[in-house]
Amino acid sequence: MTRSKLVIPAVLTVLLVVLVYLFFRGGRDGFRLEKVPSAGKADPSPVAEGEKKTITLFFLSEDDDRLHPEERQVVSGTSPTEEVETTVREFLKGSSDGLLSPFPPETGLRQAFVTGDGTAYVDLSKAVQDDFTYGSSSEIGAVYSLVNTLAFNFKAVKKVSILIDGGERETLGGHIDLSRPLVPRFSLIAR
Amino acid sequence: MSSDAGSIPAASIFCICNKVIIMKRRILWAFGAILFLTALAAPAFPQAQSLLKLSTRDLAGSSRVILSSSEPLAFSFRREPSVLIVAIEAQRPLRVRQDVFKSGGLKSVSWTGDRNSYEFSIEVREKDFAYDYKVRKNPFELVIEIKPVAVEPEPAPAVLTAAIETKAAVRTPAPAAAIPEVSRSSSPREDRKFRTIVIDPGHGGIETGAKGKFGALEKDITLAMSLKLKEIIEKNMAFRVILTRDRDMEVALENRSALANNNKADLFISIHANGSRRKNSRGSETYFLSLNATDEESRRLAYLENANGDLEGRIEKENEDDVTLILWDLAQAAYLKQSSQLADRIQAGLNDLLGTRNRGVKQAPFKVLTGAACPAVLVEAAFISNPEEEKELQSEEFQNNVARAIYQSLVEYFRLGS
């Protein structure tokens, strides 16, 4: 009896403390993406009956400091988000034509999606920064090869926000501002 | 179990004849009652307290203090020398939350009071100031604009002894007395006598920047070049030079431009060594900020293209709020034209002295430049990723040449520009 009476106020207290805590910390969290397993899309390898489409990826080159296109066949997706994800995965695999990949080969894609206002969010794994240094040129090359690749292939993508390991980062390596979405710069593409 | 909670305490007292237990129970019941009352009051609580957000920003020639709240507030102003006091009255209790203090024109903003009434004291750097305010509804926003009253700045003494001494002379440290100390307490008029240049050696600390094949680090080279540039400017120009770091340490990007704004810098020069995935990339280039804006944003920002720092004068009244909203984080937007002129000058100077490939003046959204409220550029002296240029970058001679090239460009910039 006595014990049960003790339990009720104790439970109430704990509940109240939790509620008060939740109330006061509400809205104070920064923007953070949790990794959501992409439903049924873990393996982007071609499916026999899937319709193919050609995408253009941009890479760097030993020849000059511009961005160079490389075409690739992929299976069409059912939504812009799905196709953007496929494209980024292909992009992260690097060139099959001797061009230079702007990101470290270990870089993975955690998640990608497109919002209604035309912003593609691309959440890259931590490897994009680990043990890798960027100078201004290589950082500009890395950022805009990705941004241009998405804006070039998808009309729905007007700008690209690059996230790292689920969160916003100021820069990749101390140079280009990642805190706001980037618009493409097609002038960097080789003619 | 739940029916137990509702039973009358007196009834259960008969069952247990221990006074200590009765005491304990009473305490428990009193505690329970308090909890119950608190629970009753809880639903009203979230609405009862609204947030009063306080933020500060510098615009061209003025500073802003913004008080925003979901509730409409009554306010009144009172002024004292160097201080503007804003009294706020609210229907419901308020909680004040202050954003990072981002103003160089203001000394501080503090507040007293609690619950429904607060007094904010805005301390202005200048003794004489003018203020104006605007109110927006839904949500409530009180935008207070503070302008220092124009104390005609004396023209900077043009002690531009253009002739550069020999290298030996350059190495002799400048007499300390010639260089005014960075001092916040001295009168603003005294500060104004000297133009201030902020030099930003890129990277630092664990943030090494680009790496060379032979192990050179961008952070070390940028620091060496920046120290040389500081020395040569101080020796030859009556300018105050402030470094964002003078040793190997980490400095946040936004603190670098904030240092310039807090010291009312006339110029911000960030010094870097370039890195590329491509081994053969070579040459020197100078950047100024590109706005990275969508078409719609660009149209709005078009107002500022020719603003030349006179931001407020260029913006039509009805558009002012929208445009300045964008500017809060982009102080540099108002200085793009001057920044591009400065970049042109510096690139020309590098071409004259360095013998490196001219990669020209370029634009990119560099984080370190976005917040600077003065002409600002980023110099990429040469490529650390190119083994030949890596060696050059490490040599005293090349570093001195970079410093001399930038110094001469500044002489030209100030001679022609003003």
Side-chain angles (χ1 to χ4, degrees), chain A residues 1-2 4-13 15-16 19-20 23-24 26-28 59-65 99-103 117-119 132-144 147 158-159 169-183 185 187-188, chain B residues 1-2 4-5 12 15-16 21 24-25 28-29 31-32 35-36 38-39 42 45-46 51 95 202-203 207-211 217-218 252-254 272-281 285 287 289-290 292-295 297-298 329 359 362 364-370 378 380 383-385:
Chain A
M1 274 304 248
T2 30
S4 73
K5 297 234 161 125
L6 210 139
V7 167
I8 292 164
V11 168
L12 269 174
T13 316
L15 210 73
L16 198 77
L19 279 174
V20 166
F23 169 66
F24 278 107
R28 228 178 261 181
F59 295 110
L60 308 175
S61 160
E62 279 290 359
D63 298 339
D64 57 30
D65 293 297
L99 295 171
L100 299 173
S101 186
F103 290 120
D117 71 342
T119 309
F132 206 75
T133 61
Y134 293 89
S136 290
S137 282
S138 55
E139 198 165 319
I140 289 170
V143 165
Y144 284 105
V147 172
K158 304 274 182 264
K159 42 192 176 173
R169 292 290 183 283
E170 247 184 2
T171 63
L172 210 49
H175 301 101
I176 301 302
D177 188 0
L178 297 184
S179 63
R180 56 187 81 226
L182 291 144
V183 292
R185 289 180 69 180
S187 58
L188 296 174
Chain B
M1 275 298 150
S2 60
D4 284 349
S12 37
C15 308
I16 304 139
I21 289 178
K24 273 190 184 167
R25 187 159 303 174
L28 269 177
W29 273 100
F31 189 49
L35 271 177
F36 180 62
T38 319
F45 194 60
L51 198 64
R95 194 157 50 90
H203 310 279
E207 227 265 276
T208 59
K211 258 181 216 164
L217 297 178
E218 185 182 353
L253 291 175
E254 65 179 359
H272 285 246
N274 214 336
S276 169
R277 293 279 286 139
R278 178 178 163 242
K279 277 170 208 72
N280 290 330
S281 296
E285 59 196 16
Y287 282 93
L289 185 72
S290 73
N292 182 38
T294 57
D295 292 347
E297 287 160 347
S298 299
D329 282 328
R359 293 170 62 93
K362 297 178 177 176
F366 277 96
K367 178 80 191 172
V368 75
L369 300 178
T370 54
L378 187 144
E380 293 286 357
F383 278 82
I384 200 171
S385 52

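Every chain is numbered from 1, with letters handed out A, B, ... down the list of sequences.
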Subject >> Selection from B/G209, B/A252, B/G275 maximising heavy-atom pairs under 4.5 Å formed with chain A >> reply: B/G275

Original post:
Side-chain contact, heavy-atom cut-off 4.5 Å: B/P365 with A/R185?
Top reply: yes

Original post:
Would you say B/K367 has more than 12 foreign heavy atoms packed within less than 6.0 Å of its NZ?
Top reply: yes

Original post:
Any side-chain donor paired with an acceptor under 3.5 Å for B/N274 and A/S136?
Top reply: no

Original post:
Relative to chain A, which segment of B/K279 carries a heavy atom at a distance below 4.5 Å: side chain, backbone, both, or neither?
Top reply: both

Subject >> Plane angle bin for A/H175 and B/H272 - parallel if under 30°, tilted between 30 and 60°, otherwise perpendicular >> reply: tilted

Original post:
Given a strict heavy-atom distance threshold of 4.5 Å, which part of A/S179 is in contact with chain B: side chain, backbone, both, or neither?
Top reply: side chain

**OP:** Identify the heavy atoms of B/S276 and A/S137 that sit nearest to each other, and give their distance.
**Re:** CB-CB, 4.1 Å

**OP:** Pick whichever of A/L178, A/D64, A/I140, A/L60 has the most heavy-atom pairs under 4.5 Å with chain B.
**Re:** A/D64

Subject >> Structural part of A/I176 lying under 4.5 Å from a heavy atom of chain B >> reply: both

**OP:** For the residue pair B/S281 and A/D65, confirm or rule out a side-chain donor-acceptor distance under 3.5 Å.
**Re:** yes

**OP:** Using atom types as modelled and distance alone, determine if a side-chain donor or acceptor of B/R277 lies under 3.5 Å from a backbone N or O of A/L100.
**Re:** no

**OP:** Output the option from B/E285, B/K362, B/R359 having the highest count of non-hydrogen pairs under 4.5 Å with chain A.
**Re:** B/R359

Original post:
chain A: which of B/E207, B/E218, B/K211, B/H203 shares the most heavy-atom pairs with it under 4.5 Å?
Top reply: B/H203

Original post:
B/L378, B/L253, B/L369: which one forms the most heavy-atom pairs within less than 4.5 Å of chain A?
Top reply: B/L253

Original post:
Which region of B/T208, side chain (C-beta onward) or backbone (N, CA, C, O), has a non-hydrogen atom less than 4.5 Å from a non-hydrogen atom of chain A, or is it both or neither?
Top reply: side chain

